[in-house]
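Sequence lines set the chain letters: A, B, ... in the order given, protein chains first and strands last, and positions in each chain run from 1. Computed from heavy atoms alone, side chains included, the values below leave out hydrogens, waters and symmetry copies. The structure presented is a predicted model; accordingly, all values stated were derived computationally and were not measured.
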There are 2 protein chains.
Amino acid sequence: MRTKENRILIVEDEPKLASLLNDYLTSSGYTTEIISNGLKVVPSVRDNIPSLILLDIMLPGKDGMEICREIRTFSDLPIIMITARVEEVDRLMGLNIGADDYICKPFSPREMVARVKAVLRRAAGDTIRLEELKLDESKNRAELKGRPLDLTVVEFQLLKILASDPGRIYTRNQLIDRIYHDHRVVSDRTIDSHIKKLRKKITDVIPEYDFIHSVYGVGYKFETSD
Amino acid sequence: MRTKENRILIVEDEPKLASLLNDYLTSSGYTTEIISNGLKVVPSVRDNIPSLILLDIMLPGKDGMEICREIRTFSDLPIIMITARVEEVDRLMGLNIGADDYICKPFSPREMVARVKAVLRRAAGDTIRLEELKLDESKNRAELKGRPLDLTVVEFQLLKILASDPGRIYTRNQLIDRIYHDHRVVSDRTIDSHIKKLRKKITDVIPEYDFIHSVYGVGYKFETSD
DNA sequence: ACTCAATTTACACAGGTTTTACATAATTTT
DNA sequence: AAAATTATGTAAAACCTGTGTAAATTGAGT
């Protein structure tokens with residue numbers, strides 16, 4: 001497996017703090033991007049989903065909480081909120097805004113980096129990420145370049161199995177075994193049907209994405225074109 | 001019932017400043033009230049609780065800090081303190097008087113309005129706001145685009161749970177668990193019933209709002225159409 | 001290389017099943 | 001008695017599956 005680069009979006013209007021964050025993150029091996037105006041965050045994220053967002057709560061343009069909620073309507077990407085006061089953390093936690101972690105000013109850069117790492121590690125956990133595809137197993141949700149893929153349960157399973165090991169070829173029987181753990185007997189053609197629907201749903205969202213390939217005489221595999 | 005307007009109480013003895021504040025706030029859509037004598041503040045607030053108080057510290061009659069403390073004995077309404085000197089802010093913060101924010105003279109009116117907005121938004125506190133939906137958990141009240149949604153307790157719970165994490169899919173059992181914390185055994189179809197009524201009450205108010213979606217084979221989720 | 005037959009895959013479509021929507025009724029609470 | 005909650009039954013919808021047919025792939029024979 002190839003190491004994927006982690007791009008971190010820093011949303012902070014205080015230039016000094018922003019550049020401090022930037023320095024520490026880049027020297028820890030992350031690539032970064034800084035946005036200081038709250039209004040620009042959501043469009044930017046929609047356009048190009050970062051690996052993680054460091055989000056200050058107090059912002060010109062649009063409030064951090066609001067931004068967080070908005071992002072959560074279309075993506076589960078990790079968000080760490082930065083708040084000025086300790087007491088606020090409890091309140092925020094209670095509000096169930098959907099952030100993955102909170103950090104209070106003033107904080108040590110070292111701590112910040114540690115949290116970023118931790119959140120990224122956790123987030124990698126129950127989701128599969130290829131560059132453009134994201135599968136959240138717990139929620140049975142799939143998204144492609146940030147756009148939701150509306151999959152049925154079987155379709156999701158199928159995609160999950162294939163995508164979890166790109167390049168590996170699965171025979172239809174292997175797929176059947178893994179989708180229906182001995183609960184059911186189904187024909188191979190059924191897999192074809194599901195593959196067909198899955199492919200359609202993917203190309204419906206992004207036409208040039210055809211990463212489900214059939215291997216003649218063997219089965220199917222998942223592979224990105226590049 | 002109509003949408004409640006945000007009434008801001010300005011406590012300021014310097015007439016010029018008071019009227020400046022007044023002008024900016026009214027032109028930002030708030031209704032205002034001005035009190036110049038410290039002694040009159042607490043009775044006025046007790047009588048009719050404003051949405052927010054802008055409170056100068058130096059006042060004839062009674063000190064701003066004292067007023068703040070007194071108000072905090074009976075209400076959590078947002079208070080922004082106005083102070084003359086920057087150094088004082090730190091001291092005040094340390095004193096833990098209970099104000100929500102501090103602002104120093106001289107300040108730009110624009111900044112002031114921004115702070116008022118921010119504090120009000122924060123103070124909305126235990127309410128969930130999506131663009132059109134507002135849920136006040138403490139009062140069990142819901143409104144849609146300002147129009148009240150007359151929900152029963154179960155319906156409110158249901159909507160609250162779903163709306164608090166848009167996009168997340170809840171199975172019927174998860175919903176049951178969270179509505180009746182082991183107090184009761186109910187069938188899944190019951191959830192369907194409540195969902196149906198909830199949907200109707202929502203579309204009765206605004207027909208094109210259909211943000212409760214079923215996910216075949218899994219459960220329900222809340223999601224705005226755009 | 002070309003053709004052809006055998007095999008495999010793609011896909012449209014339909015039957016059958018599961019799940020959901022909704023009206024209605026029964027029960028419980030207020 | 002009225003309102004709210006829960007349960008039930010039935011129609012509608014969504015989904016899964018398999019079939020048949022067309023298209024693609026392969027490899028052998030020419």
Side-chain angles (χ1 to χ4, degrees), chain A residues 140-142 148-162 169-204 207 209-223, chain B residues 140-142 148-162 169-204 207 209-223:
Chain A
N140 231 265
R141 285 180 76 192
L149 264 184
D150 203 48
L151 304 182
T152 68
V153 180
V154 175
E155 286 157 7
F156 183 89
Q157 290 287 94
L158 200 48
L159 181 54
K160 190 192 85 186
I161 293 165
L162 291 170
I169 305 165
Y170 291 85
T171 66
R172 290 177 175 69
N173 279 331
Q174 286 174 332
L175 291 171
I176 290 170
D177 286 350
R178 297 194 51 169
I179 293 174
Y180 321 91
H181 310 86
D182 307 329
H183 288 350
R184 211 186 221 287
V185 180
V186 292
S187 109
D188 323 12
R189 315 278 94 241
T190 297
I191 296 300
D192 295 23
S193 274
H194 289 300
I195 290 281
K196 180 207 125 206
K197 285 172 189 160
L198 191 47
R199 280 174 171 161
K200 177 160 183 3
K201 285 188 181 178
I202 289 171
T203 50
D204 274 357
Y209 278 7
D210 60 335
F211 27 54
I212 297 177
H213 302 271
S214 71
V215 181
Y216 193 94
V218 189
Y220 293 99
K221 68 174 176 179
F222 179 101
E223 204 150 59
Chain B
N140 236 262
R141 285 187 55 199
L149 265 182
D150 201 48
L151 303 182
T152 68
V153 180
V154 176
E155 286 156 7
F156 184 89
Q157 289 286 95
L158 201 49
L159 182 55
K160 189 192 85 185
I161 294 166
L162 291 170
I169 304 164
Y170 291 86
T171 66
R172 290 178 175 71
N173 281 329
Q174 286 174 332
L175 291 170
I176 290 170
D177 286 349
R178 298 194 50 168
I179 294 174
Y180 322 92
H181 310 87
D182 307 329
H183 289 350
R184 208 185 223 290
V185 180
V186 291
S187 109
D188 339 11
R189 317 275 93 247
T190 297
I191 296 298
D192 295 24
S193 276
H194 290 298
I195 290 280
K196 181 206 124 206
K197 285 170 189 160
L198 190 48
R199 279 174 171 160
K200 177 159 185 357
K201 286 187 180 177
I202 289 171
T203 51
D204 274 358
Y209 279 7
D210 60 336
F211 26 53
I212 298 178
H213 301 269
S214 74
V215 180
Y216 191 96
V218 188
Y220 292 99
K221 68 176 174 179
F222 179 102
E223 204 149 61

A/H194 side chain near D/dT17 phosphate (N/O to OP1/OP2, under 4.0 Å): yes
Step-by-step ring-ring contact (aromatic ring centres under 6.0 Å, His included) determination, A/F211 to A/F222: CA-CA 5 Å; A/F211 27 54; A/F222 179 101; 4.7 Å; yes
Phosphate OP1/OP2 of D/dT6 contacted by B/S187 side-chain N/O (<4.0 Å): no
Whole-Å gap separating C1' (D/dT5) and CZ (B/F156): 18 Å
Residue B/D150 excluded, over 12 heavy atoms near CG under 6.0 Å: no
For atom CD of B/Q157 and atom P of D/dT5, their distance in whole Å: 10 Å
Side-chain heavy atoms of A/K197 within contact of A/L151, under 4.5 Å: no
Euclidean distance, atom CG of residue A/L198 to atom C1' of D/dC16 [Å, nearest integer]: 14 Å
Position toward the 5' end of DNA chain D (nearest nucleotide), B/V153 or A/V153: B/V153
Heavy-atom side-chain contact between B/V154 and B/Y180 under 4.5 Å: yes
Contact letters for nucleotides 1-12 of chain C, in which S counts primed atoms plus P, OP1 and OP2 and B counts the base, heavy atoms under 4.0 Å: ------BSBBBB
Spacing between B/N140 atom CG and D/dA4 atom P, to the nearest angstrom: 12 Å
Nearest-angstrom distance from the residue atom CD1 of B/I202 to P of C/dC22: 13 Å
B/Y180 side-chain N/O to D/dT6 phosphate OP1/OP2 under 4.0 Å: yes
d(CD1, B/I191; P, C/dT19) in whole Å: 17 Å
Partner of A/Y220 under side chain to side chain contact (heavy atoms under 4.5 Å, CB included), chosen from A/L158, A/I191, A/V215: A/I191
Close side-chain approach of B/Y216 and A/T152, heavy atoms under 4.5 Å: no
Summary of protein contacts for nucleotides 25-30 of chain C, nucleotide by nucleotide, where a base hit scores B, a sugar-phosphate-only hit scores S (4.0 Å, heavy atoms): ------
Side-chain touch A/Q157/A/R178, heavy atoms, less than 4.5 angstrom: no
Between NZ on residue A/K160 and CD1 on residue A/I179, distance to nearest 0.5 Å: 9.5 Å
N-O pairing of B/E155 and B/K201 below 4.0 Å: yes
